[in-house]
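These notes are about the structure you will find just below.
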Protein chains: 2
Amino acid sequence: MATIKDVAREAGLSTGTISKALHDPQKVSRKNQVKIEAAIKKLNYKPNMLAQKFRASTSKTLVVMVPDIANLFFAKVISGIEAVAQAAGFSVLLGDTKDSLEREREFIRMVETRLADGLINLRPYYKDEALLPIKGVPSVTASSSSGTPSYSVRIDNVAASEKIVKHLIGLGHKRIGVISGLHHNPHTIDRLEGYKKALSQAGIDYDEDLVVEGDFNYWSGLSAAEQFCQMPNMPTAFFCMNDEMAIAAMKGFIDKGFCIPQDLSVAGFDDMDVSRYVVPTLTTVAQPAEKIGEKAAEMLISLIQGDTPKSEEVILPFEFIIRESTGPFQ
Amino acid sequence: MATIKDVAREAGLSTGTISKALHDPQKVSRKNQVKIEAAIKKLNYKPNMLAQKFRASTSKTLVVMVPDIANLFFAKVISGIEAVAQAAGFSVLLGDTKDSLEREREFIRMVETRLADGLINLRPYYKDEALLPIKGVPSVTASSSSGTPSYSVRIDNVAASEKIVKHLIGLGHKRIGVISGLHHNPHTIDRLEGYKKALSQAGIDYDEDLVVEGDFNYWSGLSAAEQFCQMPNMPTAFFCMNDEMAIAAMKGFIDKGFCIPQDLSVAGFDDMDVSRYVVPTLTTVAQPAEKIGEKAAEMLISLIQGDTPKSEEVILPFEFIIRESTGPFQ
DNA sequence: CTGTTAGCGCTTTCAG
DNA sequence: CTGAAAGCGCTAACAG
């Protein structure tokens, strides 16, 4: 592998001149520029960026910590991060933590050891197992919940849920079931709060028996639907805390002979690609996933560059999408 | 930021000893080990990995080039890559190329400039715009088609398609339509070959009018379905080259009043998550996405370490999944 | 405009 | 077992 020294020798110049020619060509005579180019081509010289970064002691790299990259929502956020990072000359190191705190520590270590300049965290914030923020490691949490400390970018989960539930109430529903995420999940907490707010504004009492806990996965939605079907006084509408569980619940209800939305209304959260394809198509809330990624990357990069973002928290607008799965109470 | 020198001074030892204590603790006296640990803790010393890598002149990093990270199939492959890379002490740099050759060049440059040790390419191989392989850039192509040069990991697209079409033929179908990808796409070519093979073995003539070109996206599947509906002698079964188009086609056929699988059979390719949820559920082929990623990473790492993998091409088994969308010809 | 030189933080001989 | 010193490839400061 040719080094800058080799190029210098080949061109009959000093390494300093080569370096300057590479970074500040105007400061090198035309004649020597040509010589240098020739030498570079002849030796197929490529600057050693490891050396460059070492010397500059800045890696121009962001690490993105994601609980599960094979989750489309996260993949979209990452897509947004990548776009901004690349435009700003940063690379992105992918850290799939598979929900392990141990791995999270490793990735945080990467920025402590100068391998990366900062970090975007895609896991929602849990008070009791928060590794971040840490002094000296610039970090932004994307798609978290209310109460996330330090820098974060997200939608207003409370307001979004409130909107969904109000829509159901507006359709005449009074008994509205919830298929939630795990109860300690920050998103669950926010979304449940929105549900309660909507109810109370409509003068409907909160009944915790109408909340069945799921875990954001398909099977939990199916089993929640079955539980609801056995209730003596079953709800007529359902707010599911993500689309996957909503789709599963619809399947469960349909298999029991219910028609959606004639007999039961179902709403989700996330707007997965699927949600447009299923029958009936699903009423839901779309998070601007790519946008969240872009904002988070912008925020982190300005943090790295020593600026102080004007706000610690960026709240992005969500989109409420009414499709076929919700209809009037009959 | 404390350096090894600071630790040496604090501990009253030389930098060489600190370094040794960090990498080969047995070769340092117990007493000094304790001193060193204390100094490290006191100064909160973290080794500068940029310096380490520079010196070792190996980055322990793989770059993964992906046409679109917000595509679940790719996300799953990456998940597999990440797992293996991490276990082997490699980081993965994500390169979302958004289908731009320019960006591909940048990522290839990263390994030429020592920023990464090797590269996994997730874009299928096109003869006329092949940037790889390049001497000095260890690379593996994942999920490509037959005829990909150099190292690759994939399923046998020809055999998988053949299997699907044989299944349709076995159900009594004789006129089998195809919704293909773009005609020059390597996957399209392989899958079409499988289709032809199955036909010829059943003594059915190939009729190119039954092949409608799509582009692997939803809308193209829908419009292909409409085209088929206008044919005087419409096929009774359809082989769609991915699930997205298959799902769109089903929607199109259903909207025209056809019942699936009673009137028409539809098969896809990929086994997206959706494909289990749609009504009717979709007959398709599952590619072992994570496995493909794992194998590709293993192959690349052994390449980087100077081993020569025994085979240039790893063919992984696919899974043929019969669901509700295909049924007997009536 | 060009050359010389020091030094980034670390590891690794080689002596002691 | 420990210390001294060289050097990885590059850039920047300074002198010429």
Side-chain angles (χ1 to χ4, degrees), chain A residues 1-40 43-61 89 109-117 136, chain B residues 1-40 43-61 89 109-117 136:
Chain A
M1 203 78 293
T3 73
I4 202 169
K5 247 182 181 158
D6 300 321
V7 177
R9 193 180 320 114
E10 178 70 27
L13 293 164
S14 74
T15 59
T17 306
I18 311 300
S19 180
K20 215 171 297 164
L22 256 28
H23 294 98
D24 211 352
Q26 313 133 342
K27 304 209 154 182
V28 172
S29 73
R30 192 80 203 91
K31 200 183 63 184
N32 281 340
Q33 275 183 45
V34 176
K35 267 206 237 168
I36 292 172
E37 262 174 51
I40 287 178
L43 300 174
N44 188 27
Y45 167 72
K46 302 265 158 60
N48 181 332
M49 293 187 71
L50 232 38
Q52 287 181 324
K53 283 174 194 244
F54 161 59
R55 182 148 201 302
S57 89
T58 163
S59 58
K60 282 284 204 169
T61 301
R109 194 142 226 280
M110 287 187 165
V111 1
E112 293 179 323
T113 58
R114 312 321 210 94
L115 249 197
D117 298 326
Chain B
M1 202 81 293
T3 72
I4 202 169
K5 245 180 181 161
D6 301 321
V7 176
R9 193 179 320 115
E10 178 71 29
L13 294 163
S14 74
T15 60
T17 307
I18 311 300
S19 179
K20 213 172 296 162
L22 256 29
H23 294 98
D24 211 353
Q26 312 133 342
K27 302 209 155 180
V28 172
S29 73
R30 193 78 204 91
K31 200 183 61 183
N32 282 340
Q33 275 183 48
V34 175
K35 267 205 238 171
I36 292 172
E37 262 174 51
I40 287 178
L43 300 174
N44 189 28
Y45 167 71
K46 303 264 161 55
N48 180 332
M49 294 187 73
L50 232 38
Q52 287 182 325
K53 283 174 193 246
F54 162 58
R55 179 146 204 302
S57 90
T58 162
S59 58
K60 281 284 204 171
T61 301
R109 192 142 228 282
M110 287 187 163
V111 0
E112 293 179 323
T113 59
R114 314 320 210 92
L115 250 197
D117 298 326

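Chain identifiers are assigned alphabetically (A, B, ...) following the order of the sequence lines, protein sequences preceding nucleic acid strands; residue numbering begins at 1 within each chain. Because the structure is a prediction, the values reported are computed rather than measured. For the numbers below, each heavy atom of this structure counts, side chains included, while hydrogens, waters and symmetry mates do not.
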What nitrogen or oxygen pairs link the protein and nucleotides 14-16 of chain D at under 3.5 Å?
none

Sort me out a list of protein N/O and nucleotides 8-10 of chain D N/O pairs below 3.5 Å, or just none if empty.
residue	atom	partner	partner atom	Å
D:dC10	OP1	A:Y45	OH	2.6
D:dC10	OP1	A:N48	N	2.9
D:dC10	OP2	A:I4	N	2.5
D:dC10	O2	A:R55	NE	3.3

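By the side-chain contact (heavy atoms from CB on, under 4.5 Å) test, A:K31 is found to be paired with A:S29, residues two or more places apart in sequence or in another chain being considered. Taking the salt bridge (charged side-chain N to carboxylate O under 4.0 Å, His left out) definition, one finds that B:K46 meets it with A:E112, sequence neighbours left out. A search for salt bridge (charged side-chain N to carboxylate O under 4.0 Å, His left out) contacts involving B:R9 returns B:D6, not counting sequence neighbours.
Side chain of A:S19 to main chain of A:T15: no donor-acceptor pair is present (N/O by atom type, distance under 3.5 Å, no hydrogens or angles). Remark: the backbone N or O of A:V28 is paired with a side-chain donor or acceptor of A:Q33 at under 3.5 angstrom.
Summarising the geometry, the separation between CZ on B:R9 and C1' on C:dG9 is reported as 13 Å, rounded to the nearest angstrom. Rounded to whole Å, atom C1' of C:dC1 lies 13 Å from atom CD1 of A:I18. Taking atom CG of residue A:L50 and atom P of nucleotide C:dT11, one finds them 14 Å apart after rounding to whole Å. Here the C1' atom of nucleotide D:dC1 and the CD1 atom of B:I36 are 11 Å apart, to the nearest Å. Distance, A:R30 CZ to C:dC1 P: 12 Å, rounded to whole Å.
Listed by first and then second residue, the side chain to side chain donor-acceptor pair (under 3.5 Å) pairs that reach into residues 48-60 of chain B are B:T58-B:D117, B:S59-B:D117, sequence neighbours excluded.
Residue B:Y45 comes nearest to B:A2 through the heavy atom pair CD1-O, 3.3 Å, listed as atom of the first residue, atom of the second, then distance. Residues B:T61 and B:L115 come closest through the heavy atom pair CB-O, 3.8 Å.
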